[in-house]
Undergrad: 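So that we are looking at the same thing, I have put the structure below in structure tokens.
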Amino acid sequence: MRRIESSLAQTGHTMRDIGGVLITHEHSDHISGLKMLLKYYRPTVYAPRTVASRLWGMLPEIDGCLRVIPVGEPFLLGRLFVRAFHTMHDTDESVGYRVEGDGVFALATDMGRVTDEVVAGLRGADTVMIECNHDEEMLRYGPYPVYLKRRILSERGHLSNADCAQLARSLARSGTGHIILGHLSRENNTPMRALDTVRGALEGSGAELCCAPAEGCLAVPVGESEAVCWR
Ligand SMILES: [Zn+2]
Ligand SMILES: [Zn+2]
């Protein structure tokens with residue numbers, strides 16, 4: 001929560017400006033700050049049905065703050081249209097989000113494979129944040145136990161740099177101008193490797209590419225406003 005607070009402060013915002021928190025799935029790296037956010041700010045939390053029921057079980061204090069959202073249909077959050085779309089991951093339900101206001105921002109991480117549903121969710125967005133989780137060689141020859149390597153490499157695991165590069169190229173062709181790489185593995189990737197792999201695929205496209213920082217925030221233009229991203 002402190003990281004979120006200090007990152008927002010860098011862009012002149014506070015937690016009071018937050019209209020809602022969108023949850024992709026209930027894995028701990030995505031909800032570890034939620035307990036403290038609920039304790040101090042009680043923001044409205046949006047999640048698809050299966051994720052919401054897991055959150056109820058894990059965080060009883062979420063009662064009264066949780067809104068179940070449809071997947072595949074847009075809903076209104078303030079002045080923004082938000083649409084969740086499914087991602088293939090090793091949990092019962094996991095989603096990415098497309099947010100439309102003055103511009104379009106879309107996010108998809110935690111996916112072993114890029115499905116048509118993911119492409120449809122991301123296509124045509126001005127700015128996207130997509131998973132660039134691991135360098136396949138670093139993962140294969142790295143220190144992780146075999147079962148974990150298999151899980152990450154499976155179609156319900158995480159996206160490799162090479163697969164991310166392919167996705168980035170097709171998004172750049174559909175008009176996306178800013179591509180942010182996120183959810184990089186600390187053990188099986190480096191920002192330099194991720195950027196090099198994806199940059200190669202984007203040559204000549206004119207799309208801007210960057211990595212979400214491990215700490216702090218990154219403000220990128222989305223239409224008339226800006227989006228703030230974390231790793
Ligand atoms: Zn996950
Ligand atoms: Zn994750």
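Everything quoted here is computed from the prediction, not taken from an experiment. Numbering of ligands and ligand atoms starts at 1, following listing order.
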Undergrad: What class does the angle between the rings of H30 and H183 fall in, given that below 30° is parallel, 30 to 60° is tilted and above 60° is perpendicular?
TA: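 Answer is parallel, since the angle falls under 30°.
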Undergrad: Run through the protein N/O/S atoms less than 2.8 Å from the Zn ion (ligand 2) and write them out by chain and number.
TA: D29 OD2, H30 NE2, D110 OD2, H183 NE2
Undergrad: If you count every heavy atom of other residues, nucleotides or ligands that lies below 6.0 Å from R42 atom CZ, does the total exceed 12?
TA: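 Correct, the count exceeds 12.
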Undergrad: Between F75 and Y46, does the ring centroid distance fall short of 6.0 Å?
TA: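 For F75 and Y46, the ring centres are under 6.0 Å apart.
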Undergrad: Can you tell me which residue among H178, M129, E100 is in a side chain to side chain contact (heavy atoms under 4.5 Å, CB included) with F105?
TA: M129
Undergrad: Check this for me: D29, atom CG, are more than 12 non-hydrogen atoms of other residues, nucleotides or ligands nearer than 6.0 Å?
TA: yes
Undergrad: Using a strict threshold of under 4.0 Å (side-chain N to carboxylate O), is an ion pair present between R199 and D196?
TA: yes
